[in-house]
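Single-structure report; data block below.
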Protein chains: 2
Amino acid sequence: MTETDSSHADQTVTADDVAEAAGVSRWTVSRAFKKDASISPKTRAKVLAAAEAVGYLPDLQAASLASERSNLVALLIDDFNNPHKLVMLERLTRVLRKNGWDTLLVNTLDGTETNHALLSASQRRVDAAILIGLQFSDALLNAATGARRVKKLIIFARSSENANTISISVDDREAMREMTAYVLSRGYRKPMFLAGPDTHSAHLRRKETFVELWQQETGVQPEVIGVESYDSNLAYGIATQTLKGRARADLPDVLVCENDALAMGAIDAIRHEMNLRVPEDIAVTGFDDVPQAARPNYQLTTYRQPITRMAERLVEILQNAENRDDNCSFLGEIVVRASA
Amino acid sequence: MTETDSSHADQTVTADDVAEAAGVSRWTVSRAFKKDASISPKTRAKVLAAAEAVGYLPDLQAASLASERSNLVALLIDDFNNPHKLVMLERLTRVLRKNGWDTLLVNTLDGTETNHALLSASQRRVDAAILIGLQFSDALLNAATGARRVKKLIIFARSSENANTISISVDDREAMREMTAYVLSRGYRKPMFLAGPDTHSAHLRRKETFVELWQQETGVQPEVIGVESYDSNLAYGIATQTLKGRARADLPDVLVCENDALAMGAIDAIRHEMNLRVPEDIAVTGFDDVPQAARPNYQLTTYRQPITRMAERLVEILQNAENRDDNCSFLGEIVVRASA
DNA sequence: AATTTTCTTGCACGCGCGTGCAAACCGGTG
DNA sequence: CACCGGTTTGCACGCGCGTGCAAGAAAATT
């Protein structure tokens, strides 16, 4: 039916059709769509007009088959519980798209499927794999770097010393230095640190930094508790379990949390389990500045990572062919709200 | 350097290499990787072993160029604020991957770039475009259906009567019928409905259904308020503005919300702005059963959509070549918690 | 044992486009 | 007018694999 309908052959418009319409060769059409190609301005204009007329757009699959670039990146994520991931997804996809990259979303949550997922991504000839997950084991990293066709491995929003790996992250040490200074400046003296799980390959140095600096500044070792995943409910449970029933004098005056998810769980526990006030009885700080942190009932003092700038840096790295491992770190800023 | 290193030629292993290693032709290799292909079991085993040995995996780009399938779908999303989106992303990517599909994540948040993003996806030869956003204008839908190479357009978790469109969603009418019955059964008599924005193309019928049923059952028209986007902070603001300062007798006894994001904002407002209790003073219900709804301090009574089953249905639709518009709707279940 | 029938395998061709090279073109100069 | 440097265009080849068809091998039938 539609095959004989040649009035507008929208079935599949190829460069040949455009070439015929514009009265040039197919290769000239190809050049018209390529920036910095050797083609005269008027020919390009003529070709682009013809392309517009017949409704042509280059086929990126075919293009990446023929060239060595795919302009496609894989985004590997294994934690869908933290709203901060949504923020990163939004920023990354937006910035990448704006610069001509498409994004393959790969869920590596299911551990047994992780390698398979990674290989699957490599089967799509991605120019890079970007990890924004938490639990990338060394096995995963090795699988990734070993995977053929994955040219670059980029760890986003985490730092890593692993070789063959580029990491783009906030400077956790400097961030915690600022946060520690802030907490001290507000007069808090009995802190407790609420930490997330320890991961090996890509690490947040927040806990170590806080403990070290606090010790250094006050001579006192701060109390530290931890949860085994960045989950608000777990934080709620651990905070309740640790603090509820303590004598008032034994309670911390500030709870410094490794990220906002933990902080929000802790705030809920303090209020709803212990009937205490934030920040009057116990102050709380977070990290990430997720959208929920600004909610009127949290008003969380936290640290904002410059995700957009980090994403833009990512694009620069993608554009550079050379694979020198330029790990780069950024500075964010404390966002002071009512919680501390 | 690495080119002369032919011990394991990991640069690019193609089917030819496997063919040589296995002592068969390249096309036999191709068949070994294709389910239901005409090939003897022993040959297949031999080929797969050889492939394993040389580290070969089929190149999906080349495969989709040669065939008419890409096993790639585009996921279009324009709302990154609702945690429910994270749930859907996780489920969809997991189920799709399990069934051999890869996912292209397309951020259509930036309105002016929406069409461009859609076209860009079509340039990747996606087998289908899946919309899980909110604001798909008719213009967007038309652009999508008009876009070449986008064979199917599927609206997920929203219903739509638009032609050339397949929608997979929960039966909103039936869901609200259950919710209304529950609210009535609990003895609430002064409801207020908190609605999200009205969108045209793909609509939730929750507000209409609730109003209609309540009227029908009690003869009373329930009060309705609305926010212009599904945002907790907005819901907090509107709830505060509407309810704060009302005489106790004029307050609703239950706030039925179009989704959990609105409900959680409302709960926060009720507690922190009005110093009232949930559910004793005002009960609240939501919709979606986002992870946060189970948090101890929300304990939100809500309605859970069977996202995984819906995703599996999606896969079936993708596998069927014929494009009959089988809009399908699912039944979820009320999740009763403490908030109502 | 000869001959069908059914499986299995090999192969030409094409999917749509990019790259490198050579031919063609253009305008300007001695 | 011939010559030359620079620019623009055309073209063979290949990217890695799937599909349809025909030849070959194996199994089943008489």
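In the text below, chain A, chain B and the rest are named by the order of the sequence lines, each starting its count at 1.
- Closest to the side chain of B:Trp27, from the set D:dG14, D:dC17, C:dC11, is C:dC11.
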Evaluate the side-chain contact (heavy atoms from CB on, under 4.5 Å) criterion for residues A:Asn71 and A:Asp127: first the C-alpha distance (whole Å), next the side-chain angles of each, then the deciding distance (0.1 Å), finally the verdict.
CA-CA 6 Å; A:Asn71 273 27; A:Asp127 284 337; 4.0 Å; yes
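- Between B:Thr28 and C:dG10, a side-chain N or O to OP1/OP2 separation shorter than 4.0 Å is present.
- In this structure, of C:dT8, D:dG18, C:dC17, it is C:dC17 that holds the atom nearest to the side chain of A:Ala62.
- The existence of a salt bridge linking A:Glu316 and A:Arg313 is confirmed by a sub-4.0 Å separation between a basic side-chain nitrogen and an acidic carboxylate oxygen.
- When distances are taken from the side chain of A:Thr14 to each of D:dT9, C:dG16, D:dC17, the shortest belongs to C:dG16.
- When distances are taken from the side chain of B:Ser40 to each of C:dC13, D:dT9, C:dT8, the shortest belongs to C:dT8.
- Distance from the side chain of B:Leu65 is smallest for C:dG16 among the nucleotides C:dG16, C:dT19, C:dC13.
- The base of C:dG20 is paired with the side chain of A:Arg31 by a donor and an acceptor separated by under 3.5 Å.
- A:Asn107 contributes atom CG, which lies 6.0 Å from atom CZ of B:Arg94 (distance to the nearest 0.5 angstrom).
- Residue B:Lys34 places at least one side-chain N or O closer than 4.0 Å to OP1 or OP2 of D:dT19.
- Between the base of D:dG18 and the side chain of B:Arg26 there is a donor-acceptor pair shorter than 3.5 Å.
- The nearest whole Å value for the distance from the CD atom in A:Gln123 to the P atom in D:dG18 is 11 Å.
- Distance from the side chain of B:Thr43 is smallest for C:dT9 among the nucleotides D:dC17, D:dG16, C:dT9.
- Distances from the side chain of A:Arg125 to the nucleotides D:dT9, D:dT19, D:dC15 place D:dC15 closest.
- Contact annotation: A:Ser25 reaches the phosphate of D:dG10 (side-chain N/O to OP1 or OP2, under 4.0 Å).
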